[in-house]
Amino acid sequence: MLAWYDEERRDLPWRVAPGKRADPYRVWLSEIMLQQTTVKAVIPFYARFLARWPTIKALAAAPLDDVLAAWAGLGYYSRARNLHKCAIAVVEDFGGKFPSTIAELQKLPGIGPYTANAIAAIAFGESATPVDGNVERVVARLFAVRQSLPAAKTELKRLAATLTPERRAGDFAQAMMDLGAGICTPRRPSCLVCPVQQDCAAAAHGIAEQLPMRLERAERPQRVGFAFVALREDGCVLVRKRAEAGLLGGMLEVPSTAWGDLLPPAKEALRSAPLRADWWAVPGTVVHVFTHFRLELIVYRALVPADATLTFWAEPERCQWVARRDLHAAALPSVMRKVIGHALKEN
DNA sequence: AATGCGTGGCT
DNA sequence: TAGCCAAGCAT
């Protein structure tokens, strides 16, 4: 594996030469971003974060809202909140230096078993075993584990640990990631070019593609609602800050009705608009798929005067007007960018 | 232990 | 196309 890694490893922005230890700050930042997120999606965000906040002290000193705005579009926003919280904790409790043990790392916000092991191995050279989805898949195939996920997680973790070398555990972990990402893929694995095909029980039995087995997941429910895009005459759009926790926590939103199972009558929905105006239903709908539900929004739009006043149920203290040219830098999640784009397309 | 939590790219 | 799913964590 290590010889293969030395030759074939992917060159990624947060990686250093084989055998070297990487900067813990960069390892941590990349690992948080990579949680449930593809390398391709992470790369531009990683570059922007590192350019803007080159050190953990700089990140800890930043306002949370700036971090959330920079995270907008990457998803799973509790990661951004915990990233900021973790930076502050490392600066205040550890003088800006990450602890090097798995136990200490895992006490920090946003760092769980996987990330603690990854940082320990990659940044500190500990013989640790980060087990992510890639490693689970590779190990399930190497040992032909037929038990299905998530029940098999404990066993897969145990088996993975038996493979970790004493030296270069960080490179070994990253080799497993590369193997899982490029060769031992979920569908149509490239067993013919796999460096460990000779050691793979699943390949020997011709069942690599069937593993790991997974319990089928529950059907995704659908939720619906109305969203209200108010465009002020000076070109500003009305947005509102969401609650600090939960879905899209701390991010900005377009004011909307509650997202429910049933669509309220339009007349009733319009009574919950954030301000009195001549609301116009934008043709079509906005569909957005979250992890655990599918959302369909009907979008209303209104052009309002510069002195328009908000209704009290719009919670004016949480609202703000943002110039259209500044929207790109705002803490707007993708679903809200879709809504605004839908409302403003074709003038 | 099961559920809540985003997004975009792939097939 | 409509799922499937990616370098998980918190509760």
Side-chain angles (χ1 to χ4, degrees), chain A residues 9-10 12-15 22 26-46 68 71-83 85-86 105-119 121-123 128-139 149-151 153-154 156-157 160 170 172-182 184-188 209 212 214-223 242-251 253 259 287-295 331-338:
Chain A
R9 78 192 185 94
R10 301 174 72 183
L12 300 172
W14 45 86
R15 284 190 174 169
R26 298 182 183 210
V27 174
W28 165 71
L29 180 61
S30 66
E31 290 297 345
I32 300 298
M33 288 185 166
L34 286 162
Q35 289 168 4
Q36 298 286 283
T37 308
T38 57
V39 166
K40 183 178 164 58
V42 164
I43 285 176
F45 283 85
Y46 177 79
L68 288 173
W71 198 275
L74 199 54
Y76 284 140
Y77 297 98
S78 68
R79 291 185 297 172
R81 302 193 298 270
N82 283 331
L83 185 84
K85 204 182 295 182
C86 182
L105 285 164
Q106 209 176 321
K107 288 179 191 165
L108 292 165
I111 298 183
Y114 164 78
T115 305
N117 278 271
I119 296 173
I122 298 169
T129 309
V131 179
D132 68 336
N134 284 310
V135 175
E136 284 179 349
R137 182 171 60 258
V138 170
V139 170
L149 287 171
K153 278 178 179 290
T154 305
L156 292 174
K157 196 174 284 194
F172 181 81
Q174 293 179 90
M176 293 285 275
M177 314 282 182
D178 281 8
L179 190 67
C184 196
T185 51
R187 281 173 290 189
R188 301 186 50 113
E209 191 161 8
R214 290 177 186 278
L215 261 38
E216 63 179 285
R217 52 192 64 176
E219 195 174 328
R220 219 191 297 269
Q222 161 127 351
R223 293 187 197 167
R242 292 175 60 88
E244 298 302 326
L247 183 68
L248 309 177
M251 302 294 285
E253 67 175 354
W259 304 342
V287 173
H288 190 80
V289 181
F290 292 97
T291 307
H292 51 300
F293 67 95
R294 176 182 185 275
L295 177 66
L332 281 166
S334 293
V335 59
M336 296 302 159
R337 289 172 192 271
K338 273 191 203 176

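Just the heavy atoms: all of them, side chains too, but no hydrogens, waters or symmetry mates, feed the values below. Protein chains get the first letters and strands the later ones, always in sequence-line order, with residue 1 at the start of each.
Toward the 5' end of DNA chain B, the nearer of the two residues A:Pro150 and A:Arg187, judged by each one's closest nucleotide, is A:Pro150. Residues A:Gln36 and A:Arg188 both approach DNA chain B. Their nearest nucleotides, taken by heavy-atom distance, put A:Gln36 toward the 5′ side.
Residue A:His292 places no side-chain N or O under 4.0 Å from the OP1 or OP2 atom of B:dG4. An OP1 or OP2 oxygen of B:dT7 is reached within less than 4.0 angstrom by a side-chain nitrogen or oxygen of A:His288. Between A:Tyr77 and the phosphate of B:dT7, there is a side-chain N or O to OP1/OP2 separation shorter than 4.0 Å.
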Problem - Worked check of side-chain hydrogen bond (donor to acceptor under 3.5 Å, both in side chains) between A:Tyr114 and A:Glu31 - result: CA-CA 9 Å; A:Tyr114 164 78; A:Glu31 290 297 345; 2.8 Å; yes
Exercise for the section: Evaluate the criterion side-chain contact (heavy atoms from CB on, under 4.5 Å) for residue pair A:Ile119 and A:Ile111; output intermediate values, then yes/no. Expected result: CA-CA 9 Å; A:Ile119 296 173; A:Ile111 298 183; 4.0 Å; yes
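Atom CG of A:Leu215 and atom P of B:dA1 are 15 Å apart (whole Å). If you take CG of A:Asp178 and P of C:dA6, they are 15 Å apart, rounded to a whole angstrom. The interatomic distance linking A:Glu253 (CD) with B:dC5 (P) rounds to 14 Å, in whole Å. Note: CZ (A:Phe293) to P (C:dG3) measures 17 Å, nearest angstrom. The interatomic distance linking A:Arg220 (CZ) with B:dT3 (C1') rounds to 14 Å, in whole Å.
Here A:Gln106 pairs with nothing under the side chain to side chain donor-acceptor pair (under 3.5 Å) rule; sequence neighbours left out.
A:Thr37 comes within 4.0 angstrom of a base, heavy atoms only. Contacts of A:Val42 with the nucleic acid, taken as non-hydrogen atoms under 4.0 Å apart, are absent. Here A:Trp71 lies out of heavy-atom contact (under 4.0 Å) with every strand. If you check every strand for non-hydrogen atoms under 4.0 Å, A:Gly249 touches nothing. Among the heavy atoms of the strands, none lies under 4.0 Å from A:Arg81. Using a 4.0 Å heavy-atom distance criterion, A:Val135 is classed as making no nucleic acid contact. Within the 4.0 angstrom heavy-atom criterion, base atoms lie near A:Arg15. Note on A:Leu83: nothing from the nucleic acid sits closer than 4.0 angstrom, heavy atoms only. Using a 4.0 Å heavy-atom distance criterion, A:Pro333 is classed as a sugar-phosphate-only contact.
B:dG6 and C:dT11: their P atoms are spaced 14 Å apart (whole Å).
A:Arg137 has no carboxylate O lying under 4.0 Å from a charged side-chain N of A:Asp132, or vice versa, which leaves the two without a salt bridge.
Between A:Arg79 and A:Gln35, the side chains place no donor N or O within less than 3.5 Å of an acceptor N or O (distance only, hydrogens not considered).
Classified by interplanar angle (parallel below 30°, tilted 30° to 60°, perpendicular above 60°), the ring pair A:Trp259/A:Phe293 is tilted.
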Report, one pair per line, the protein and nucleotides 9-11 of chain C atoms (nitrogen or oxygen only) whose separation is under 3.5 Å.
residue : atom : partner  : partner atom : Å
C:dC9   : OP1  : A:Gly112 : N            : 2.8
C:dC9   : OP1  : A:Gly112 : O            : 3.4
C:dC9   : OP1  : A:Thr115 : N            : 3.0
C:dC9   : OP1  : A:Thr115 : OG1          : 2.8
C:dC9   : OP2  : A:Pro113 : N            : 3.4
C:dC9   : OP2  : A:Tyr114 : N            : 3.2
C:dA10  : OP1  : A:Gly110 : N            : 2.5

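Residues A:Trp71 and A:Phe45 keep their aromatic ring centres 6.0 Å or farther apart.
Put simply, the side chain of A:Thr38 and the base of B:dG8 share no donor and acceptor less than 3.5 Å apart.
Between A:Leu68 and A:Gly250, the shortest heavy-atom contact is CD1-O, 3.4 Å.
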